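These numbers were taken from a predicted model, which means no experiment stands behind them. Read the numbers this way: they start at 1 and go in the same order the structure lists the ligands and their atoms.
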Amino acid sequence: MSDCVFCQIVAGRIPSTKVHEDELTLAFMDIGEVNPGHMLVAVKPHVENIYGLDETLAAAVFRTAARVARAAQKAYAPEGLTLYQANGVAAGQTVFHFHLHLVPRYAHDGMRLSWPAKNPPRAQLEANAARLRAALD
Ligand code: AMP
Ligand code: ZN
């Protein structure tokens, strides 16, 4: 995908600031850093979103995430660490090449995600779960 910015980073055609790299994943600094140590973990192949991750890539991306999360904890000792991952425009995705954000967090750092909990009755949760179970591959 020659017009994909993260494919170009993986290929070394545009600059990035790398933290860790292996055969399947790349961890690098987000240019739109929210707090110091804000990293992205991307898969190396062009996979647009979570729906396209096979088991090998899914495992690889989380193995890298856990490893660089420990590095962020050691390096910055943040008060918290948020993993954020968007699929689709409605979810806030702007780069359509799968990546996870790791954002070191502090009280009152201004990062917000509205969470409008509906707390439905158990019967509704059961119906929702049944629908999902029926859709599992
Ligand atoms: P999203 O798709 O919502 O997860 O957002 C994409 C993220 O990629 C944003 O936080 C951008 O700051 C970041 N980003 C976009 N281009 C680059 C780049 N060339 N190098 C590093 N980070 C980038
Ligand atoms: Zn790509």
S.K.: Looking at Phe96, I want to see if its CZ is surrounded by more than 12 non-hydrogen atoms of other residues, nucleotides or ligands under 6.0 Å.
M.R.: yes

S.K.: If the cut-off is 4.0 Å to any non-hydrogen atom of His101, which atoms of ligand 1 fall inside it?
M.R.: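 Heavy-atom distances to His101 below 4.0 Å select 1 (P), 4 (O), 5 (O), 7 (C), 10 (O).
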
S.K.: Does a side-chain heavy-atom distance below 4.5 Å link His101 with His38?
M.R.: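 Yes; the side chains approach each other to less than 4.5 Å.
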
S.K.: With a 4.5 Å limit on heavy-atom distance, are the side chains of Phe98 and Ile50 in contact?
M.R.: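 When only atoms from C-beta onward are counted, Ile50 and Phe98 do touch, with a gap below 4.5 Å.
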
S.K.: Tell me which N, O or S atom from His97 is the closest to the Zn ion (ligand 2).
M.R.: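 Nearest to the Zn ion (ligand 2) within His97's N, O and S set: ND1.
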
S.K.: Quick one: look up the protein heavy atom nearest atom 8 (O) of ligand 1 and list residue, atom name and how far away it is.
M.R.: Phe6 CZ, 3.5 Å

S.K.: Taking only heavy atoms of Val5 into account, list the atoms of ligand 1 that are under 4.0 Å away from them.
M.R.: 19 (N)

S.K.: Which of the atoms of ligand 1 are close to Gly32, meaning less than 4.0 Å from one of its heavy atoms?
M.R.: 12 (O)

S.K.: Please confirm whether Ile9 approaches ligand 1 to less than 4.0 Å, judged on its heavy atoms.
M.R.: yes

S.K.: Check whether any N or O atom of Thr94, backbone or side chain, sits under 3.5 Å from an N or O atom of ligand 1, and answer yes or no.
M.R.: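 It does: an N or O of Thr94 is found under 3.5 Å from an N or O of ligand 1.
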
S.K.: Hey, which atoms in ligand 1 end up nearer than 4.0 Å to a heavy atom of Phe28?
M.R.: 21 (C)

S.K.: Below the 3.5 angstrom mark, is there an N/O of Val95, backbone or side chain, next to an N/O of ligand 1?
M.R.: yes

S.K.: Under 4.0 Å from any heavy atom of Ile31, which atoms of ligand 1 are there?
M.R.: 14 (N), 16 (N), 17 (C), 18 (C), 20 (N), 21 (C), 22 (N), 23 (C)

S.K.: Which residue from Glu33, His99, Met39, Gln93 reaches closest to atom 4 (O) of ligand 1 through any of its heavy atoms?
M.R.: His99

S.K.: Taking all non-hydrogen atoms of both residues into account, name the closest pair between Gly92 and Ala86 and its distance.
M.R.: C-CB, 3.8 Å

S.K.: On a heavy-atom basis, which atom in Ala69 and which in Leu81 lie closest, and how many Å separate them?
M.R.: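 Result for this residue pair: CB-CD2, 3.6 Å.
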
S.K.: Tell me which N, O or S atom of His46 sits nearest to the Zn ion (ligand 2).
M.R.: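 Checking each N, O and S atom of His46, the shortest distance to the Zn ion (ligand 2) belongs to ND1.
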
S.K.: Among all protein heavy atoms in this structure, tell me which lies nearest to atom 11 (C) of ligand 1, with the distance rounded to 0.1 Å.
M.R.: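 Answer, as residue, atom name and distance: Asp30 OD1, 3.4 Å.
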
S.K.: Under a 4.0 Å heavy-atom limit, does Met29 contact ligand 1 with its side chain, its backbone, both, or neither?
M.R.: backbone

S.K.: Looking only at the aromatic ring of each residue, does the gap between the centers of Phe28 and Phe6 stay below 6.0 angstrom?
M.R.: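 Centroid distance Phe6-Phe28: below 6.0 Å, so yes.
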
S.K.: Does any N/O atom on Tyr84 come nearer than 3.5 Å to any N/O atom on ligand 1?
M.R.: no

S.K.: Same cluster or not: are Ile14 and Val43 linked, directly or through other Ile, Leu, Val, Met, Phe, Trp or Tyr residues, by side-chain heavy atoms under 4.5 angstrom apart?
M.R.: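 Looking at the clustering, Val43 is in a separate group from Ile14.
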
S.K.: Identify the protein heavy atom lying closest to atom 3 (O) of ligand 1, giving its residue, its atom name and the separation to 0.1 Å.
M.R.: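 Closest protein heavy atom to atom 3 (O) of ligand 1: Gly92 O, 2.7 Å.
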
S.K.: For this output row, return yes or no: ring centroids of His97 and His99 closer than 6.0 angstrom.
M.R.: no

